[in-house]
Number of protein chains: 2
Amino acid sequence: MNATKIRSTPTAAATATVPPDPLQALDRIDRAILRQLQTDASISNVALAAKVKLSAPACLRRVERLKESGLIRGVVALIDPKAAGAGMLVIIGVVLDRSTPESFAEFEKAAQKVAGCMECHVVTGEFDYFMTIRTRDSDSFNRLHAEQLLYLPGVRQIRSFMVLKEILSTTKFPL
Amino acid sequence: MNATKIRSTPTAAATATVPPDPLQALDRIDRAILRQLQTDASISNVALAAKVKLSAPACLRRVERLKESGLIRGVVALIDPKAAGAGMLVIIGVVLDRSTPESFAEFEKAAQKVAGCMECHVVTGEFDYFMTIRTRDSDSFNRLHAEQLLYLPGVRQIRSFMVLKEILSTTKFPL
DNA sequence: CTTGAAATACTACTACG
DNA sequence: CGTAGTAGTATTTCAAG
């Protein structure tokens, strides 16, 4: 009955400089909503409301609040890579020649334009960047490698890890 | 005017054993739909129809066909990791002790249960697996590392690459 | 095989208690 | 938060290209 109070009445810990875990600050219903929308957001609001045992307007208000709060970053359609003819995934470790701000900036600008680049991250350790690239097959990757990757600015070394099997690839957040 | 014919009249190349590119087999409108839905799928069908200059029913039929064909794998809400208190991303390279089917199977089963594991892939090269894990901060990752990662079955070595900056992280497919 | 116009059923959304 | 009402949308039907 006062489960919703958790949202409206922050605890002492929640008001500290570093909130412990924003997701834990949500009540059971909000978490159920997020679980559902992360799995299938094409569900209608009335159906969602029924699932979480709430009236439609109340449910809609919660969804809108979750969006406005920024917790829900967006609602998107996911395309199946295989069906789209890009069944091959390659993870690439990149080492730059020089570790200067200009070198990093130049590389990042170019990396984002690489066809099929899904992720690009600056990392600690023996690599400067990790990128993941979706492409069709080894032929198309070889072409991409020879024509684009090897010409990325400031690159000393590129190491490719071909993905043989995708065990897990999710956008879902643990709740 | 016969742009739509591409869908209904496969070319000789498309009937070959390996279709060249399923996305190229789509007409301009289907691609516009996919572009929009990959960016924001919370748009109403009438608004989408207006954007692609089609009547609402025709637009809806196309969307449904794209879903039934499997090209659209699903529509989901994306949660902002930072807002969810999991602003830290770590990429992990794993080397197994033995390269036996049992060893791989056992590891994969356990790896999927690791809290915050977003991706897990078998790769070629100096690692057996790459995993990406979302967690809150270095403290929580350290805990995860000590309590879960080090106890994954059959692991010889784990190398962690902390993500310092996420340059690009997209679910969008190039169209 | 696809489209668009009209009609119906359902849903989102608002106002209010 | 829920109920009731209104506005707008999804969905079906059907005629036409």
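The analysis underlying the following values was restricted to heavy atoms, covering all of them including side chains, and did not include hydrogens, waters or symmetry mates. A quick note: this is a predicted structure, and the numbers were derived from the prediction, not measured. In the text below, chain A, chain B and the rest are named by the order of the sequence lines, each starting its count at 1.
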Check your understanding: Just how far, in rounded Å, is C1' of D/dC1 from CG of A/D30?
Key -> 13 Å
Review point. Rounded to whole angstrom units, what separation is found between the CD atom of B/E64 and the C1' atom of C/dC1?
Key: 16 Å
Practice item. Sort out for me which residue in A/D27, A/L34, A/V52 forms a side-chain contact (heavy atoms from CB on, under 4.5 Å) with A/R62. Key: A/D27
Exercise for review: Would you please confirm or rule out a distance under 4.0 Å between OP1 or OP2 of C/dT2 and any side-chain N or O of B/R62?
Suggested key: no
Check your understanding: Nearest 0.5 Å, what's the CG-CE distance between A/D139 and A/M88?
Key -> 9.5 Å
Review point. Rounded to the Å, how far apart are B/R61 CZ and D/dT12 P?
Key: 10 Å
**Study point:** d(CG, B/L54; C1', C/dC1) in whole Å
**Key:** 14 Å
Exercise for review: Quick one: sort the A/Y129 and A/F104 rings into parallel, tilted or perpendicular, breaks at 30° and 60°.
Suggested key: tilted
Check your understanding: When we call it a touch if two heavy atoms are under 4.0 Å apart, what does A/S44 touch: a base, just sugar-phosphate, or nothing?
Key -> sugar-phosphate
Check your understanding: Could you state the interatomic distance from CG (A/L89) to CD (B/E119), rounded to the nearest 0.5 Å?
Key -> 7.5 Å
Review point. Can you tell me how far C1' of C/dA15 sits from CG of A/L60, to the nearest Å?
Key: 15 Å
Check your understanding: B/R65 side chain N/O closer than 4.0 Å to the phosphate oxygens (OP1, OP2) of C/dT2?
Key -> yes
Practice item. Figure out the CD1/C1' separation between A/I43 and C/dT11, and round it to whole Å. Key: 13 Å
Check your understanding: Atom CG of B/N45 and atom C1' of D/dT11: how far apart are they, to the nearest Å?
Key -> 10 Å
